[in-house]
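Just so we're clear, the structure is a prediction, and the values are computed from it rather than from any experiment. In the text below, chain A, chain B and the rest are named by the order of the sequence lines, each starting its count at 1. Just so you know, these numbers use all the heavy atoms, side chains as well, and skip hydrogens, waters and symmetry mates.
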Amino acid sequence: MSHTPLLSLQGVTRHFGGGRYPWGARRPLLHALQSVSLSMAQGETLGLVGESGCGKSTLARLVVGLDRPSCGRIEWRGEDLADLVRRDRRALARRLQYVFQDPLAALNPRRTVHQALETPLIHLRGLERDARRQHLETLMASVLLEPHHLQRYPHEFSGGQAQRIGIARALAAEPELLVLDEPVSALDVSMQAQVLNLLADLKQQLGLTYLFISHDLSVVERVCDRVAVLYFGQLVELAPVSALFKRPRHPYSDLLLRSAPLPGKPSRVSELQEGDLPDPYRPPAGCPFQDRCPERQARCLREMPPLAPIGDAEGHSVACHFPLG
Amino acid sequence: MGRERDDGSRPGAWRLLLNNHLAVSGLLLLLLIGLLALAAPWLPLPDPDATAPVDRLLPPLTPGYPLGTDALGRDLLSRLVWGTRVSLAMGISATLVAALVGSLVGLVAGFAGGRSDGLLMRGIDMLMAFPYILLALAIVAVLGPGLVNALYAIALVNIPFFARNVRGVTLGLARQPFIDAARLSGQSRSRILLLEVLPNVLPVIVITISTTLGWMILETAGLSFLGLGAQPPQADLGSMLGEGRKLLFTTPHVSVIPGLMIFILVMGINLLGDGVRDLLDPRLKSGALSRPLPRTRVERAQTPTLQEEPTSLLEVRDLHTGFSIGRQRYHAVHGVDLDLASGQTLGIVGESGCGKSVAVMSITGLVASPPGSITDGAVWLQGVELLGAPLARLQALRGGAVCHVFQDPLASLHPLYRVGDQLVEAIQAHQDVTRRQAWQQAQALLAEVHIANPAQRMRAYPHQLSGGMRQRVCIAMALANRPRLIIADEPTTALDVTVQAQILGLLQRLRQQHQVSILFVSHDFSVVSALCERVLVMYAGRVVESGAIEQVISAPAHPYSALLIGCIPTPGQGPLQTIPGSPPALDRLPEGCAFAPRCPRVQERCTEGEVGMTRLGDGRSVRCLFPLQAGESP
Amino acid sequence: MRKLLPILLVTLLLPAIVFARTPPDVLVVGQIAEPKSLDPHAVTALNDFRILVNLYDGLVRYREGTLEIAPALAERWEISPDGTRYRFFLRQGVRFHDGTPLNAVAVKFNFERMLDEAHPYHDTGPFPLAFFFSAVEEVRVIDPLTVEFQLEQPYAPFLSNLAYPTGLMVSPAAVRKHGKAYGRHPAGTGAFRFAEWQANAKVVLLRNPDYWDGAPPLEAVIFRPVSDPNTRMAELLSGGIDLMLEVPPDSLQPLREDSAYRVHEQAGPHLWYLILNTREGPFSDSRVRQAANYAINKRGLVENILQGSAEVAAGPIAPAFAWAHNPEVTPYPYDPEQARALLREAGYDGSPVTLYVTEGGSGMLDPVIMGTAIQADLQAVGMPVKIETYEWNTYLGRVNPGLAGKADMAEMAWMTNDPDTLPFLTLHSQALPSEGGFNSGYYSNPQLDALLDRARRSTDSGERAELYHQVQALVHQEAPWVFVAHWKQNAVTAARVQGFRLQPSFFLMLQRVSKP
Amino acid sequence: MTAYLIKRLLALIPVLFGVSLIVFLMMALIPGDPASAILGAYATPENVARLNRELGLDRSLPEQYLVWLGNLLEGDLGRSYSLNRPVLAEVGERFSATLVLAGSALLLCSLLGLLAGLVSAVRQYGWADRVITLLVLVGISTPSFWLGLLLILLFAVKLPLFPASGMYAIYGGGDLWDLLHHLFLPALTLSLVAAGVIARLTRTAMLEVLRQDFIRTARAKGLSERRVVYRHAFRAALVSVIPVIGIQAGFVLGGAVYIETVFQWPGIGSMLVQAIASRDLLLVQGGVLLVTVSYVLFNLLADLLQSLIDPRLR
């Protein structure tokens, strides 16, 4: 592992709307991400968990350059991503690729798999026809699909197959980092297993780095090295996977862990768990989790706790005034 | 259900079109008119422009003039044929011009968004706000009369339709993940627009063409009618109508004949257009746009008789439910039996498309029909056979003794009514109470499912609530009339994991408090095991295993159950198991065991003949010739 | 829902039972358009004149059924021997509808308002046809009932111009009172006075019981604008109007046979012709022009297409000007053989010619159909014709500046009140478009110029008649135009309308009409 | 809501500005001028020049436009050349008539269209559906300018049930019955096409809504089919039908040009045709502006109605 991280985010914030209407009224401002800082080392798999609307996908889109942060900085091997893109429009796409949540929606229904996979080979790699043909075959083989599948249209595939095609397309650019945005949540369990196993194999073969976004903790626990817990656009806990699952320090991480159903085990959460996500247009002053937190104290209502290292495990930090014991 | 066969119709597009009788008659009409128009130069017709003032205004059926003559003694039949030729050519070219320009504007506006979108659409607004005939009049006045100028005018006034329709679709497409994917594949914006967006917009353009073509022919006729189109002596249908209108009261045939021709032509185009629209519009595909009946159609060969007095609250015997799409028959449920005693919870587990939802929806006849229908079996609820019961009886039970909680609470609640009104409606449908009383009951129900501030929430619209709250409202609605049975179809699938846990907890408590039975459908073994005592595992429309939940999880007997459980990631487990292959197509179920093609333990016997349920004791049964023994892995 | 529809239908149909026909003594006239203004000096359209002549009087008028000048507000007049001074002696005791008296001062006001740009009420204009009186140098009040016009030079058509609606007398008091809005609050001396004007619905005139020429039998006249000819017809048939003007010729025949209606016809000073471009192209040769006159089947046009609603024309002066018309000049016969021979002789090479056709326009009859028929006739003698159609205003904008470089032939029609006007404005070499005239075909002939100039100066009607006979013969021979038709104006009245007669002047005089 | 209204009304300004500019340009490009139109056959260049001077048309076009714009801000639409009358007076008088015709046509087509679409969807594939589908097809396939004439021939001449033209009886009348009596044929003609479009859309929208999850919920609640269809489905279908009614307002206003001419309705449509023919720039300008404003307002009304029904849009 080198000293400069592969990817690092520094105080990345993204909000939508804001400003004023021509006639002076205030335009509502939506906070999607608030000052998120984290970094990834080459070869690791970082899990990003949180509930819907917590800013997971916004973060992912920022990382691959589909969106720009409102403020803050994203670096690739110590270099500003924005600069990189300014110099070479396609530079980012050759290093970072994205796998979408809904595999069928991520494939153009009117284009064959061949066309879909060939595009990055032409535009990102600049390969000639023969080289492309060869590459396509290896790609298909690497995601366990037959070459004759190339001539088919997306609707002729099952969800699991379609997701494998999505992975193949991401791999076609030969990236170093793959952002996997809930890659298995739209799939049936049996398909889910296939795709997860495939991802594990690919990582080993190609030395990839994964940013793995999921709401399913049991999946995260299986595939990730470290976990970042996101709540309401803020990073509330960051820890090696074993540390987090053994001993979550943020009350929200704890709630998440307790909520996950396991086969053969009855639920461990009270139905009375109150409270919802705060209104993103009017974020609360203090800790965003205050409404739902059983440990809430007066300080939590006033002051947003910073993300700070905690405890014994290396690389474990939490944003809580009163972390769990 | 269904995504896999979404586009199965594509190869047979022509056949589908030909199945539509109206469209076919439109097509034939158009073909006939088109052929006639094309063949005009070779038909034995007199010169359409040859005047014979002496023979003017002859009535139809005059020898030598089948349709009579006009004010200059010109043969109307010949003019009609030649005029149709001109009108068709005009209408088609104007449509194409409008389609080209309008689609381009719409594509660019929808894809670029922001300021350019605003600017372009303001321009389109201006065109639309302008009375279209005046615009056309003014354009022709500027350019001078003539067919080509009239064509431009008509095309211009129709650009907004294409621009608006195409923009709408493009706007939706531009947010699709596959556009992002194309950007990440390194394509430039113009290439994305051309290669990724355009092919998906084309059907909309074709639909718009099919709906505007007739309209354009009418409008061109309108301009010619005002004398701004075809120049004499050339005939088009509009100018024939215009020349004849002065004589409407004395010699009506001179204008009625071209008028009828315009009517028939446009009618043909519209008929065909409807057919094309039905074909291309994804919403209309596979007959989805047929009105679902109040209950699922039941087409049982014979009414089953009761073998013995039903002991359970709910008994389902040999249920067969399927979907007919075109000539295909999809067997979604293929002989399902289930029993549920009072106060019991039963889970049904299976992958998507296994028929679990269809099975439970069939109980109260909520499977959309058409295309669905129940072909065999019987359902007894509290001793009443539901499939044969009259609609009124069924409606009294629905929402009364048996209630549903569905997967997507946002879609399941009416978006336009307040939550309180929807609850009140459910109460008043079954109880003879005043609205005020019902309102109070409803409020109490919200309190019972632990919604804070129930009085305030009663006045909220569904979209103002969070997902968890919406599902609580749905559950409250199910509880409204003290049901005996709640059928919950994946009620937590759309929810976040913390909310899911709460909802499961809520159902658990309600079951205990109200002694209500729950039939719980899920794809997730973990979720089912959190709530249910017994479980059914379904595969390809059949129950393959049933038993107490702990026993099935700890020692599955069917290889499919075992593999399915093995797929679930659990802490400290080895590599995830996978199931090779994919489920069979429901319209081509294999003979014998449906799982045989994917089963690691398959034997020759598995593919021969029906495999029946085997009782294993302990209330367990399995549909397998070679069930797993305890501790054995597949 | 299900009960709503029948109720809706019944309520809508109910009023149909009490269908009102027009009451007695009220005449409803179907006009072709809404009037622009009821200020006679501000309008130019025949449609408006039809109302105005019932509302106003001029110093003189056309004698009933002729185009001869007769006294009106002026009982008599004297013309100086050199033809430059006209003195009118006004009728006594005539009052405008607003009660003010008609006198010499009022007459002077009327003409000065039109002609003098410094007049305080000149801004109540514009007065587009004021140039009819551009020869007037001064209007003098001799005494309250005597007024004298001083002309710059002798101008023979002056009297007939005075009989034109531009010469109708408006009330100076009303002009002063309403200013620019006078056109909607008219006051004249006519047989009817103004009552009401509803935009695009009706103009109502009521009987003037104090009319100097005897109060009219009708109590009221309602002018309804119905611009669509079919709708106009429908209104006539359904009893919504009593008098319909400009009936499409094809509709006349069934009406003639129907005893519930009476058809009226009257030829007038109208000419429908084709301007030929004599400056360039094939028609610069008079033989080709004659050939065109031979080639076109005018009788066919008049009898078949216009259904006898017109007469074949021989030259520029309509037979309605009985005193000036030369009966010896007869129309070119339909003779395609002769036409072909002349074309051959002239060496015409069969190159196509362009014909300007208008879609409508005042006096143009059925221009598109007629143009198409003419096209077919010319085609038959080997002259291919390309038609270009224009909306009337655009058409005038193209034709009036001259045809050079654009077209070889153009349809045109004129209605004039004096035999002088048409040839002087359209065939005189001083009337080329560049000179501000209407000679769009650039015909130029010094002999014709001399004849016209003399006729205009002469005050002796016998001499003028002789000169116009020569004009007629000369123009017929030279054929600068294709002479096609003189329109016979038509009108249809309901049978109970009595005493109605069309005038050669095309004006609609309703003073003697009754409807019991 | 207020912010939304203000926003919509502000968005109207550039549209009106653009429309007025287009009208001005177009009228400048049309050959012929008001003076020739007034003078007719007597339009010699000399007379035309004199008249133009008197009408103030000798100034440059941008200058004329600025003068017009300046006057507009003071509420003055100028004076019609051909009618010699303030544009505002003429346009105001005509506009109320158009509003009556177009408004009732819009009402009629909405009523007929919604009713037909509803029946057609509820009785899908039944005889009522077939008959309505056929009628709708006939409606949208008939040239309305021709249909108007046929209706006059049938119901005013052959079968004198309705007056052939006009807005009020020419003699007597003038009450509401009289107006309705005159209104029936033109309003029907004008609304037929739009009714067809709305009926089709209502049918599709109903069928689509009937497939929605919340309809299944309504049935699962045990509601009667009548309640499901009329209370649950129809209201939801209205949400997608209403904006189309707004767009139809444009067609109805545009179609009024033909229909007003045929039925001699004293409205703004027939006035505009005449004004274009006589090159009466200011009259065209004023009329078109008013039509544009009313179209936009109709649409605004539709949007407001939609948000009234659909709380998600508020």
Nearest 0.5 Å, please: how far is CD in B:Q395 from CZ in D:R227?
12.5 Å
To the nearest 0.5 Å, what is the distance between NE2 on B:H430 and NZ on D:K221?
9.5 Å
What part of D:V15 is in contact with chain B, defined as an atom under 4.5 angstrom from a non-hydrogen atom: side chain, backbone, both or neither?
both
If one checks every heavy atom of B:Y461 against chain D at 4.5 Å, the contacting part turns out to be side chain
With chain D, the option among B:G214, B:P415, B:A368 that has the most non-hydrogen atom pairs under 4.5 Å is B:P415
Can you tell me how far CE of B:M126 sits from CZ of D:F17, rounded to the nearest 0.5 angstrom?
9.5 Å
Validation: residues 135-157 of chain D side-chain donor-acceptor distances under 3.5 Å, sequence neighbours left out:
residue : atom : partner : partner atom : Å
D:S141  : OG   : B:N270  : ND2          : 3.1
D:S141  : OG   : D:L137  : O            : 2.6
D:T142  : OG1  : D:V138  : O            : 2.5

Residue part contacting chain D, namely of B:R164, when any heavy atom lies under 4.5 Å
side chain
Tell me, side chain or backbone of D:V122 under 4.5 Å from chain B's heavy atoms, or both, or neither?
both
When the 4.5 angstrom heavy-atom criterion is applied to B:L241 and chain D, the contacting part is side chain
Interatomic distance, CE@D:M206 vs CZ@B:R291, rounded to 0.5 Å, equals 7.5 Å
On the ring face of B:F406, is D:R216 found with NZ or CZ under 6.0 Å from the centre and within 45° of the axis?
yes
Consider only side-chain N and O atoms of B:Q422 and D:H232, and report whether a donor and an acceptor are under 3.5 Å apart.
no
Contacting region of B:A411 [heavy-atom separation from chain D under 4.5 Å]
both
For the residue pair D:F251 and B:W215, does the interplanar ring angle fall in the parallel (under 30°), tilted (30 to 60°) or perpendicular (over 60°) class?
perpendicular
Honestly, the part of D:A220 sitting under 4.5 Å from a heavy atom of chain B is both
Tell me, side chain or backbone of B:S412 under 4.5 Å from chain D's heavy atoms, or both, or neither?
both
Contact check, side chains of D:V228 and B:P294, non-hydrogen atoms, under 4.5 Å:
no
Can D:E225 and B:R398 be said to form a salt bridge (Lys or Arg N to Asp or Glu O under 4.0 Å), step by step?
CA-CA 13 Å; D:E225 192 58 15; B:R398 284 177 178 176; over 6 Å; no
Using a cut-off of under 4.5 Å for heavy-atom pairs, which of B:A426, B:P292, B:P252 has the most such pairs with chain D?
B:P292
Counting N and O atoms only, with roles assigned by atom type, does the side chain of B:H404 sit under 3.5 Å from a partner on the main chain of D:R219, one being a donor and the other an acceptor?
no
Option in D:V239, D:T217, D:T133, D:T261 with maximal non-hydrogen atom pairs under 4.5 Å from chain B
D:T217
Select one option (side chain, backbone, both, neither) describing which atoms of B:L293 are under 4.5 Å from chain D's heavy atoms.
backbone
Interface moiety of D:V257 toward chain B, non-hydrogen atoms closer than 4.5 Å:
side chain
Between CG on residue D:L16 and CG on residue B:D125, distance to nearest 0.5 Å:
11.0 Å
In Å and rounded to the nearest 0.5 Å, what is the CG to CD distance from D:L223 to B:E425?
4.5 Å
